[in-house]
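Following: one structure in structure tokens, then a few remarks.
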Amino acid sequence: MLDLTHASGIAAEAQSLLERLGVPGAAVSGGALMARSPLTGTQIGAVAPTPDPAEAIGRAHEAYLAWRTVPAPRRGELVRLLGEELRAAKADLGRLVTLEAGKIASEGLGEVQEMIDICDFATGLSRQLHGLTIATERPDHRMMESWHPAGVVGVISAFNFPVAVWSWNAALAFACGDAVVWKPSEKTLLTALAVQALFERAAARFGGVPDGLSTLLIGGREAGEALVADPRVPVVSATGSTAMGRAVAPRLAARFARAILELGGNNGAIVTPSADLDLTVRAVAFAAMGTAGQRCTTLRRLFVHDSVYEALVPRLKAAYGSVTVGDPRAAGTLIGPLIDRPAFEAMTHALDAARRDGGVVTGGVRVEAQGLPEAYYVRPALVEMPAQTEVVRAETFAPILYVMRYHTLEDAIARHNDVPQGLASSIFTTDLREAERFLSAAGSDCGIVNVNIGPSGAEIGGAFGGEKETGGGREAGSDSWKAYMRRATNTINYGATVPLAQGVSFDVS
């Protein structure tokens, strides 16, 4: 039985944090949408939905028309100021993430640090939005490409990264000259209000930011549908389940809008005979158990070579048995709560299915919190499976790690790739040939492919996203900025004749 001694003070603490972050008390009381803390399962706020999504999108569109003409380095200055506000508010916003999403303290702070990092990246990017100069076959001509703001960017985010995913999109979008309309998860509304307040502080310091450049769209499914359907929103970045992606993608395609989809991840790792097992245990422990298994990059499938299985699995079981499950605010806690009852039920159903398929489950039991029936704390589950059955091939958003033996690397790679999702992957090896094969075209089919680190914990400098049912979207670093802009190919004739390409002749007198 867990003792959440200070559970009764969570609502008051959340209100105090919100006030310091600049959110007025009236914004989080009296509304129709209940904000709850997974730490206790109790209400910590009540937020009103956006009354007119079309009007909110219209304001964002008008803001875009003004913002697109501001020089890009000047736009980057706004992002820099946002980064400064996030630095100043890191402790408070990180704590609010813990209260509303259930992350342990270091992960709540780490999420805010991720926001700061992407602001730094986008500030520099604002001076690097460059196109190519391209060789042309025509004399006295120059060909080049230009990049221009795309318009209003819609952002639909999930509860598990309630603020960082917005920043991946918004920091780039603002630097690129776009406006942003954000539809946050109904499960994490308070953190969204806090981030909007911090943006408004940065905007006030910047001066002259058009009203609506950053707009919140508070509501349920209908709010997301309004964002997806509106022709004034040419780009929509949606993070969530594959089912959500299947609903969003056709609607965007029907109006030829651009989709940045970040959907399911059923991430796998391979442990080879040459693997450093000390390193492997540490990496697997965080990747599989961190954030209570509620990351899209959580490690869910582990393929272990026969020769090291008996050495590795008992060590993993010991690690699973040693982690502290409880109040994520407490020092030493590594596993906080699941977000809600449906998450717990999905975990229970998956473990029941795994047992029916011959799986042997270690852990996976609920840890009761005294007097808090709607708080769902669980011990992470390690499940030894005889094969990759249907329950293994399906993503369950909970701390379940399916462990399977393999005999050859070719077999392990084939089974690793034999799932609908394609987000993140890892191999643990000290054999250069094995590592390079896993990184090659014949290796992992994921968008993120790592060696000797787990699949989770990506840095913002690289493009984030995956293939297959993960959706194909890319966010954050590398050249992901191109998704928030439109490309124009330009040809300039500085001569006195009009030569045509491909040798075409069309002379008129």
Side-chain angles (χ1 to χ4, degrees), residues 264-291 293-317 319-320 354 359 362 380-385 387-388 391-440 442-459 462 464 466-468 470:
N266 193 358
N267 314 293
I270 298 171
V271 183
T272 72
S274 69
D276 178 332
L277 296 188
D278 290 336
L279 178 152
T280 301
V281 168
R282 292 194 300 271
V284 167
F286 170 70
M289 293 188 281
T291 326
Q294 298 172 122
R295 287 179 177 241
C296 52
T297 54
T298 290
L299 178 60
R300 309 197 183 282
R301 299 175 299 131
L302 187 67
F303 301 94
V304 183
H305 192 269
D306 281 326
S307 64
V308 293
Y309 190 95
E310 300 301 337
L312 176 65
V313 172
R315 295 180 62 178
L316 287 175
K317 288 181 180 179
Y320 269 62
T362 299
L382 185 151
V383 186
E384 297 177 81
M385 293 295 293
Q388 184 161 263
V391 71
V392 179
R393 297 181 74 252
E395 180 190 33
T396 301
F397 219 58
I400 302 174
L401 178 64
Y402 300 106
V403 183
M404 293 157 281
R405 295 175 182 264
Y406 80 90
H407 307 294
T408 68
L409 183 60
E410 290 72 18
D411 170 58
I413 292 174
R415 291 162 65 193
H416 173 278
N417 292 348
D418 186 27
V419 293
Q421 312 85 358
L423 179 53
S425 58
S426 300
I427 190 169
F428 293 91
T429 181
T430 56
D431 185 323
L432 179 63
R433 292 171 298 180
E434 291 177 332
E436 291 292 341
R437 180 168 181 80
F438 192 66
L439 298 173
S440 76
S444 169
D445 62 0
C446 293
I448 298 170
V449 187
N450 296 333
V451 177
N452 291 331
I453 64 170
S456 59
E459 299 179 38
F464 180 90
E467 301 302 320
K468 302 190 295 188
T470 301

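No experiment lies behind these values; they were computed from the predicted model shown.
At a threshold of 4.5 Å between non-hydrogen side-chain atoms, the residues V284 and L316 count as touching. With contacts defined as side-chain heavy-atom distances shorter than 4.5 Å, the pair L401/Y320 qualifies. Put simply, the side chain of F428 does not reach to within 4.5 Å of the side chain of H305, judged on heavy atoms. In this structure the side chain of V392 reaches within 4.5 angstrom of the side chain of M404, judged on heavy atoms. I413 is not listed as a side-chain neighbour of Y406, based on a closest heavy-atom distance of 4.5 Å or more. Residues V304 and R405 have side chains not in contact (no heavy-atom distance under 4.5 Å, counting atoms from C-beta outward). Contact of the D431 side chain with the T272 side chain is not registered, since no non-hydrogen atoms from C-beta on lie closer than 4.5 Å. Proximity of K317 to T362: side-chain heavy atoms (C-beta onward) are separated by under 4.5 Å at one or more points.
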One pair to check against side chain to side chain contact (heavy atoms under 4.5 Å, CB included): T297 and F464. What are the steps and the verdict? CA-CA 10 Å; T297 54; F464 180 90; 3.7 Å; yes
Does the side chain to side chain contact (heavy atoms under 4.5 Å, CB included) test come out yes or no for M385 and V403, once each step is laid out? CA-CA 6 Å; M385 293 295 293; V403 183; over 6 Å; no
I would like to know whether Y402 and L299 meet side chain to side chain contact (heavy atoms under 4.5 Å, CB included); could you show each step before the answer? CA-CA 9 Å; Y402 300 106; L299 178 60; over 6 Å; no
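To the nearest 0.5 Å, the span separating CD1 on I400 from CG on L382 amounts to 11.0 Å. For the atom pair OG (S444) and CG (L439), the distance works out to 8.5 Å, reported to the nearest 0.5 Å. One finds the CD atom of E384 at 10.5 Å from the CG atom of L302 (value rounded to the nearest 0.5 Å). With rounding to the nearest 0.5 Å, the separation of CG in L409 from CD in E434 is 5.5 Å. Rounded to the nearest 0.5 angstrom, S426 OG and N267 CG are separated by 8.5 Å. One distance of note links CG of N417 with CD of E467; it measures 11.5 Å at 0.5 Å rounding.
Among all heavy-atom pairs drawn from L277 and A311, the shortest one is CD1-CB, 3.9 Å. The two residues V281 and A319 have their closest heavy-atom pair at CG1-CB, 4.5 Å.
Within a 6.0 Å sphere centred on CD of E459, other residues, nucleotides and ligands contribute 12 heavy atoms or fewer.
A donor-acceptor pair is defined here as one N or O able to donate and one able to accept, closer than 3.5 Å; no such pair exists between the side chain of T430 and the backbone of A275. Between the side chain of S425 and the backbone N or O of D445, no donor-acceptor pair lies under 3.5 Å. A donor-acceptor distance shorter than 3.5 angstrom exists from the side chain of E395 to the backbone of G265, with no hydrogens or angles considered. Side-chain N or O atoms of R300 include one that pairs as donor or acceptor with a backbone N or O of T396 at under 3.5 Å. A donor-acceptor pair under 3.5 Å is formed between the side chain of R301 and the backbone N or O of N266. In terms of modelled atom types and a separation under 3.5 Å, the side chain of T470 and the main chain of G264 share a donor-acceptor contact.
Side-chain contact annotation: R393 with Q388, donor-acceptor N/O pair under 3.5 Å absent.
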Side chains of residues 450-458: which donor-acceptor partners sit under 3.5 Å, not counting sequence neighbours?
unit_1: N450; atom_1: ND2; unit_2: G454; atom_2: O; d: 2.9
unit_1: N452; atom_1: OD1; unit_2: T429; atom_2: N; d: 2.9
unit_1: N452; atom_1: ND2; unit_2: T429; atom_2: O; d: 2.9

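Remark: T291 engages E107, R295 in a side-chain hydrogen bond (donor to acceptor under 3.5 Å, both in side chains) (not counting sequence neighbours). In this structure, the side-chain hydrogen bond (donor to acceptor under 3.5 Å, both in side chains) partners of R315, at least two apart in sequence or on a different chain, are D278.
Just one residue in the list K468, Q421, H416 forms a side chain to side chain contact (heavy atoms under 4.5 Å, CB included) with C446, and that residue is H416.
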